[in-house]
Number of protein chains: 2
Amino acid sequence: MFRQLAHLSGFSLERLASLCEVAEAGSIGQASRGDANRQSLLSRQIAELEAVFGVALLARQSRPFRLTPEGRELAQAARQFFQVADDLQRRAENAAQRVVIGAGETLIQWLLFPACEALQRQAGKVVFTFKNLDSSRLIEALQQGEIDVALIRREDVTPSLAHTEAWTYAQAAFVPKALCRSATVLKVEELAALPWAVLEGRGHFRQFLETKARERGIKLNAVLECSSYTQVAMAVQTGRYAGFLPEFAKNAAFAGNSAVMQRPLEKGLRYDRSLVLAWREASVRNRSFLEKVIEALRVRIGKWL
Amino acid sequence: MFRQLAHLSGFSLERLASLCEVAEAGSIGQASRGDANRQSLLSRQIAELEAVFGVALLARQSRPFRLTPEGRELAQAARQFFQVADDLQRRAENAAQRVVIGAGETLIQWLLFPACEALQRQAGKVVFTFKNLDSSRLIEALQQGEIDVALIRREDVTPSLAHTEAWTYAQAAFVPKALCRSATVLKVEELAALPWAVLEGRGHFRQFLETKARERGIKLNAVLECSSYTQVAMAVQTGRYAGFLPEFAKNAAFAGNSAVMQRPLEKGLRYDRSLVLAWREASVRNRSFLEKVIEALRVRIGKWL
DNA sequence: ATGATACATGACCCCACAGTCATGTTCCGC
DNA sequence: GCGGAACATGACTGTGGGGTCATGTATCAT
């Protein structure tokens, strides 16, 4: 039935793998990352696939080129196959199964990384791959099967995705004892009084803080602008800055550091967020061990949230 | 991610297509159908795949060799990919999509064939392939994705399959006017009186009839043993035999033949059967046009049942 | 306009692999 | 235990295609 199809000139597993790479990277250039040979190869291989199928796989209207819907469709089908094949091979050589987990950098570092570490230690037989993507790309990647499970905000999950019950966590202030000795509830006034390390740009929480300060006629005393929560945590570690971090940061970033106090926020400053583990049903159907991994992750993360 | 996997020596689309063929045919021998070259090729290609995956794909305990569970798993994954690729290619060249329909020979000839004919005439753009398999093989083939939809007995569907509401039909007696001029309800006594063309072997309905006759102290007058319902219908057409056929046979086998009467059976002889269209959810998800085809088939067949 | 970025193309090598043919081996049924 | 069915294997060939290099050509940002 498929003998003829498989035998078409210009159709091969390598070309399909190339298509998958371009699909994940987003463009030929991203996928070839500086290697001119690879760029050349990818360009031609995708052109050859297009000749086979008689349909454009790359949208050539604007550069860098993105995949067309047909390109994504083919890439997804190929990836599904490769994943089954990869699983089978790993199972046969009794090696670890590969699980790809997506989330923002902060969540990876402070929740997923320790959780996966713990799982590997207790169960073994799993290799985790972390993908740090923004939330819209995470959703796409989940739907395309590029990642197996993601830890994302509750409000970001689309109806087509399965997900766990939500965990809610609050932002908390982390203040070095060198700056303030009392561990009482943080008041709005301290936004102007303490030297804050904050995230650069216009994140939701940053805007929220500035609004609260303005309402009180004061100004957020942002003396250090960081580009990630990890940097904020590092700043706090120095003892010279106070910072706002998710409350679960205390487990990961300040474990055993008694020079930093975690202080709850006063009512008006509370800022809660909800997280869920989300995945595509079809991924679990094709690779049933994912179900166990997701459940184990859920339990692990639940201990910290 | 999959570049390395795709590049493994011994891994290729042709080999996977070969594996699919063997999966559908059941064994290497069946798949190569007398061609010694093909036999040689299939044997080696599967061995090469086994080397790649480090797992037995053929169960070599008894001949002819069947696929192992791992072999079926790989074949199924490959077939799913090939089907998406095939669809994409056909869509691109604006050609008909391929739909594989399975059922017993009788149902194909008297229900599916005419139904598909009608669909093709009105809608076009679909190529039907009929597979005549026994019911257990039909279920397997559905689950493996080898066939897209099957018309089977209601009681044969497994929970993993989606299916339509059941249609119920009765067996009816078809009697040439040359043998009996009255079109009244058929009585048990006539089992001994009329010259019956019946299915050979020990089919459920055949056994049922013989039991009923024995209860009445008579014997089923089986003067012609046929190996298919079609042969029974042909026998009835000659005017020299009476036969039991599904009541929908009147549309297909005896259209415009006024020399044959359809006679209902007396209460004790009634023998009803239920049919459903069954398919695998995953197939519809991967190839969404199947949904439309199945619905159209359902409507068509519903007109006759 | 003008680099710079991003992709295409042509020419080349070399090897892996599909396919063929002949023959060997294993296993099943009787 | 024997014949045949079912699969394996070894040897060979031609070619497609992966990979590399050098260079060409669009498109984008400024």
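In what follows, every chain begins at residue 1, and chains take the letters A, B, ... in the order their sequences are listed. Keep in mind it's a predicted model, so treat the numbers as computed, not measured.
When heavy atoms are screened at a 4.0 angstrom cut-off, A:Ile46 is found touching no nucleic acid atom at all. Within 4.0 Å (heavy atoms only), A:Gln61 reaches sugar-phosphate atoms of the nucleic acid but no base atom.
What separates CD of B:Glu48 from P of C:dG19 is a distance of 12 Å, to the nearest Å. The distance from atom CG of A:Leu13 to atom P of C:dC17 is 11 Å, rounded to the nearest whole Å. For the pair A:Glu21 CD and D:dG18 P, the computed distance is 13 Å after rounding to whole Å. Rounded to whole Å, atom C1' of D:dA8 lies 9 Å from atom CD1 of B:Ile28. Distance CG (A:Leu16) to C1' (D:dG18): 14 Å, rounded to an integer number of Å. Per the geometry, CZ belonging to A:Phe2 stands 18 Å off P belonging to C:dA18, to the nearest Å. With rounding to whole Å, A:Leu58 atom CG is found 17 Å from D:dA26 atom P. Atom CG in B:Leu41 sits about 16 Å away from atom P in C:dA22, given to the nearest Å.
For D:dA6, the OP1/OP2 oxygens have no side-chain nitrogen or oxygen of B:Ser27 closer than 4.0 Å. At C:dA16, none of the side-chain N or O atoms of B:His7 fall inside 4.0 Å of OP1 or OP2 (strictly under the cut-off). Taking only side-chain nitrogens and oxygens, A:Gln45 never comes nearer than 4.0 Å to OP1 or OP2 of D:dG17. Residue A:Asn37 has no polar side-chain atom (N or O) positioned under 4.0 Å from OP1 or OP2 of D:dG19. The phosphate of D:dA8 (OP1 or OP2) has a side-chain N or O of B:Ser43 nearer than 4.0 angstrom.
When the shell of 6.0 Å around CD of B:Glu155 is examined, it contains more than 12 heavy atoms from other residues, nucleotides or ligands.
Side-chain contact check for A:Phe11 versus A:Phe53: some heavy-atom pair is nearer than 4.5 Å.
Residue order along DNA chain D, read from the 5' end via each residue's closest nucleotide, puts B:Ala47 first among A:Phe65 and B:Ala47. Each of A:Arg60 and A:Ser12 lies near DNA chain D, and the nucleotide nearest A:Ser12 is the one positioned closer to the 5' end.
Side-chain atoms of A:Gln39 and base atoms of C:dA8 include a donor and an acceptor less than 3.5 Å apart. Residue A:Ser40 places a side-chain atom within donor-acceptor reach of the base of C:dT9, judged by atom type and a 3.5 Å distance cut-off alone. The base of C:dT20 is not paired with the side chain of B:Arg38 by any donor and acceptor separated by under 3.5 Å. Below the 3.5 angstrom threshold, one finds a donor paired with an acceptor across the side chain of A:Arg44 and the base of D:dT20.
In terms of heavy-atom proximity, B:Ala96 sits nearest to B:Val127 at CB-CG2, 3.5 Å.
Salt-bridge formation is not detected for the pair B:Arg91/B:Asp87: no Lys NZ or Arg NE/NH1/NH2 atom is positioned less than 4.0 Å from an Asp or Glu carboxylate oxygen.
Between B:Phe2 and A:Phe82, the ring planes lie parallel to each other; the angle is under 30°, not in the 30° to 60° tilted range.
Just one of A:Arg214, A:Gln207, A:Arg206 meets the side-chain hydrogen bond (donor to acceptor under 3.5 Å, both in side chains) condition when paired with A:Glu210; it is A:Arg206.
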